[in-house]
Amino acid sequence: MSRVLIIGAGLTGSVCACLLRRELPQKCKIVVWDKSRGAGGRMSTSRSPTDPACTVDLGAQYITATPYYARIHQSFYEELQAQGILTPLVTSVEGMASKEEGLKNYVTPKGVSSIVKHYLKESGAEVFFDRHVTHVYRRGACWEVCRKNGEPEQFDAVVLTMPVPQILQLQGDVGSLMADPQREQLEAVSYSSRYALGLFYPPHTHIPAPWAAKYVSNSPCIRFIAVDDKKRHTESPDCGPSMVVHTSVPFGVQHLEAEKEQVQPLIMQELQRLMPHLPQPASIKCQKWRYSQVTRSVADCPGQMTLFSQPLLVCGGDGFTHSNFDGCVESALKVFEVLKSSL
């Protein structure tokens with residue numbers, strides 16, 4: 001059996017692992033590494049430090065299916081709805097721009113990371129966190145992958161699903177094996193940056209907002225606010241509410257190299273201005289999204305890029321398509337096709 005390493009426990013990596021298990025169960029042993037402490041990538045859900053039932057989505061907020069993707073990715077949407085992982089968005093989002101007819105919006109009652117966790121569980125993969133990959137070397141018919149604070153390991157095929165700038169930062173043989181046109185395409189990929197705040201409240205706290213979520217147009221700092229349990233339609237008297245605040249991209253870029261401890265008070269001050277009657281949270285989580293959403297993907301959105309065929313080294317993720325659920329699923333399907341023809 002081939003030993004396949006998927007680097008990145010986000011949506012692309014988890015769907016790819018699941019596809020391998022379902023379609024090639026006898027051909028490969030799947031291992032997933034992620035440098036974070038948990039699954040999800042930019043589909044991450046954070047828990048209150050005092051109440052694990054109180055959660056907030058710091059990345060993706062809801063999932064929008066266009067008629068086209070609702071059709072071609074129908075099996076994915078049907079599976080997630082059948083499992084209760086996706087449910088229709090029934091609450092109001094103020095200022096939501098609907099550019100297309102027939103859009104369907106979904107939320108995740110258990111948090112957006114529940115999608116990724118579902119696919120990882122279905123994959124049966126060995127999943128390891130706190131594994132920050134630094135070097136990838138070619139060793140004959142396999143790859144030697146090195147990480148911080150750990151022994152190198154060898155794999156027959158490697159899939160890179162982290163943001164494109166992190167692929168370019170990998171040391172070892174990746175850079176020398178990459179063709180010049182490939183490097184130029186990867187270097188042209190760009191991302192927006194932003195901060196997110198998660199605010200956790202004790203039970204029975206009243207959040208004075210007539211909406212579940214709102215796009216903000218009159219602030220230099222804040223772009224989006226959501227009362228997360230209200231947005232997900234999961235309010236409960238036993239669990240305190242939670243809120244998420246996303247900054248605007250210009251604010252994120254302006255403060256990108258600052259420490260989170262310096263930026264958090266600036267966001268809170270602006271939130272207080274926008275919502276003067278908001279109660280004080282019991283705790284706050286500040287997240288810096290250096291790579292928030294892809295603003296320019298690899299030309300023509302190929303879904304994947306094969307850096308080396310034998311042994312296989314292939315890249316995927318939203319940098320090769322577009323930054324949403326369907327972009328990541330599309331990339332996972334393209335990466336899987338490459339793996340299927342190689343293993």
Side-chain angles (χ1 to χ4, degrees), residues 4-22 28-49 52-63 76-77 79-80 83-86 106-133 145 147-150 153 155 158-163 166-167 196 198 200 228 232 234 242 244 285 287-293 315-319 321 323-333 335-336 339:
V4 179
L5 175 65
I6 297 172
I7 302 174
L11 184 57
T12 304
S14 64
V15 172
C16 187
C18 182
L19 291 168
L20 281 170
R21 171 65 181 269
R22 288 177 178 176
C28 58
K29 187 176 182 342
I30 310 155
V31 182
V32 178
W33 286 4
D34 197 284
K35 70 174 186 175
S36 300
R37 288 180 297 176
R42 280 163 284 161
M43 296 181 87
S44 76
T45 303
S46 285
R47 299 184 182 281
S48 160
C54 182
T55 64
V56 73
D57 290 328
L58 291 178
Q61 292 297 305
Y62 52 88
I63 286 166
F76 293 91
Y77 282 103
E79 176 181 338
L80 293 172
Q83 298 277 337
I85 294 165
L86 277 190
Y106 298 95
V107 286
T108 46
K110 294 175 187 165
V112 75
S113 68
S114 62
I115 298 174
V116 173
K117 288 173 181 173
H118 167 74
Y119 288 120
L120 286 176
K121 186 180 173 187
E122 287 289 305
S123 76
E126 285 188 90
V127 183
F128 299 94
F129 298 110
D130 290 312
R131 297 220 169 169
H132 187 166
V133 174
V145 183
R147 59 188 173 93
K148 281 185 184 173
N149 310 318
E153 291 188 37
F155 299 91
V158 175
V159 180
L160 308 173
T161 72
M162 62 272 244
Q166 293 177 356
I167 293 173
F200 302 100
D228 238 26
R232 299 178 193 156
T234 56
S242 62
V244 62
K285 165 87 184 277
Q287 172 77 45
K288 181 193 291 190
W289 293 116
R290 184 176 290 273
Y291 307 114
S292 174
Q293 288 182 302
C315 309
D318 60 353
T321 49
S323 285
N324 56 21
F325 173 83
D326 289 296
C328 293
V329 169
E330 195 169 313
S331 177
L333 288 163
V335 170
F336 171 69
L339 284 161

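Position 1 is the first residue of the sequence, and the numbers go up from there.
Across all non-hydrogen atoms, the minimal contact from C16 to A332 is N-CB, 3.8 Å. Taking both residues in full, the closest heavy atoms of C54 and S242 are given as SG-CB, 4.0 Å, listed atom of the first, atom of the second, then distance. When every heavy atom of V32 is checked against every heavy atom of A125, the shortest pair comes out as CG2-CB, 3.9 Å. Counting all heavy atoms, side chain and backbone alike, S323 lies closest to D318 at OG-OD2, 2.8 Å. Residues C328 and L11 come closest through the heavy atom pair CB-CD2, 3.6 Å. Taking every heavy atom of both residues into account, R47 and P52 meet most closely at NH1-O, 2.7 Å.
At a threshold of 4.5 Å between non-hydrogen side-chain atoms, the residues V244 and Q61 count as touching. You'll find the side chain of F128 stays beyond 4.5 Å of the side chain of D34, heavy atoms only. Proximity of V127 to F129: side-chain heavy atoms (C-beta onward) are separated by under 4.5 Å at one or more points. Side-chain contact check for I167 versus M162: some heavy-atom pair is nearer than 4.5 Å. The shortest distance between side-chain heavy atoms of R42 and Q293 does not fall below 4.5 Å. Residues L20 and V4 form a side-chain contact, since some pair of their non-hydrogen atoms from C-beta on lies under 4.5 Å apart. Residues V112 and V107 fail the side-chain proximity criterion, which asks for heavy atoms closer than 4.5 Å. In this structure, the side chains of I85 and P109 stay at 4.5 Å or more apart for every pair of heavy atoms.
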Subject >> Verdict with supporting geometry, V31 and I6, side chain to side chain contact (heavy atoms under 4.5 Å, CB included) >> reply: CA-CA 6 Å; V31 182; I6 297 172; over 6 Å; no
**OP:** Begin with the C-alpha distance, continue with both residues' side-chain angles, and end with the deciding distance and a verdict on side chain to side chain contact (heavy atoms under 4.5 Å, CB included) for V133 and W33.
**Re:** CA-CA 8 Å; V133 174; W33 286 4; 3.6 Å; yes
**OP:** Go through L80 and Y119 one step at a time and tell me if the side chain to side chain contact (heavy atoms under 4.5 Å, CB included) criterion holds.
**Re:** CA-CA 10 Å; L80 293 172; Y119 288 120; 3.7 Å; yes
**OP:** Could you please spell out the steps behind the side chain to side chain contact (heavy atoms under 4.5 Å, CB included) verdict for V335 and E330?
**Re:** CA-CA 9 Å; V335 170; E330 195 169 313; over 6 Å; no
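Residue pairs meeting the side-chain hydrogen bond (donor to acceptor under 3.5 Å, both in side chains) criterion with at least one member in residues 4-21, sequence neighbours excluded, do not occur.
Although no hydrogens or angles enter the test, the distance criterion places a donor-acceptor pair under 3.5 Å between the side chain of T161 and the main chain of I7. Side-chain N or O atoms of S123 include none that pairs as donor or acceptor with a backbone N or O of C18 at under 3.5 Å.
Between S113 and the options T55, D57, T45, a side chain to side chain donor-acceptor pair (under 3.5 Å) holds for only T45. Each of I115, V329, D326 was scored for a side-chain contact (heavy atoms from CB on, under 4.5 Å) with F76, with one residue passing: V329.
Take R147 and apply the salt bridge (charged side-chain N to carboxylate O under 4.0 Å, His left out) test, not counting sequence neighbours, and it matches no residue. With sequence neighbours excluded, no residue forms a side chain to side chain donor-acceptor pair (under 3.5 Å) with Y291. For D228, the salt bridge (charged side-chain N to carboxylate O under 4.0 Å, His left out) criterion is met by K231, R232, not counting sequence neighbours. With sequence neighbours left out, the salt bridge (charged side-chain N to carboxylate O under 4.0 Å, His left out) criterion links R131 to E153. By the side chain to side chain donor-acceptor pair (under 3.5 Å) test, R22 pairs with E79, E122, sequence neighbours left out. Shown here are the ring pair (Phe, Tyr, Trp, His ring centres under 6.0 Å) partners of F325, two or more places apart in sequence or in another chain: Y77. Under the rule for a side chain to side chain contact (heavy atoms under 4.5 Å, CB included), the partners of Q287 that lie at least two apart in sequence or sit in another chain are L58, A196, K285, W289. When the ring pair (Phe, Tyr, Trp, His ring centres under 6.0 Å) test is applied to F200, no partner is found at least two apart in sequence or on another chain. Applying the salt bridge (charged side-chain N to carboxylate O under 4.0 Å, His left out) rule to K110 yields no partners; only residues at least two apart in sequence or on another chain are considered. For N324, the side chain to side chain donor-acceptor pair (under 3.5 Å) criterion is met by H322, not counting sequence neighbours. Every residue was checked against the side chain to side chain donor-acceptor pair (under 3.5 Å) condition with T234, not counting sequence neighbours, and none meets it.
Salt-bridge check for K148 with D130: failed, with every basic side-chain N at 4.0 Å or more from each acidic carboxylate O.
Atoms OH and CG, from Y106 and L86 in turn, are 7.5 Å apart once rounded to the nearest 0.5 Å.
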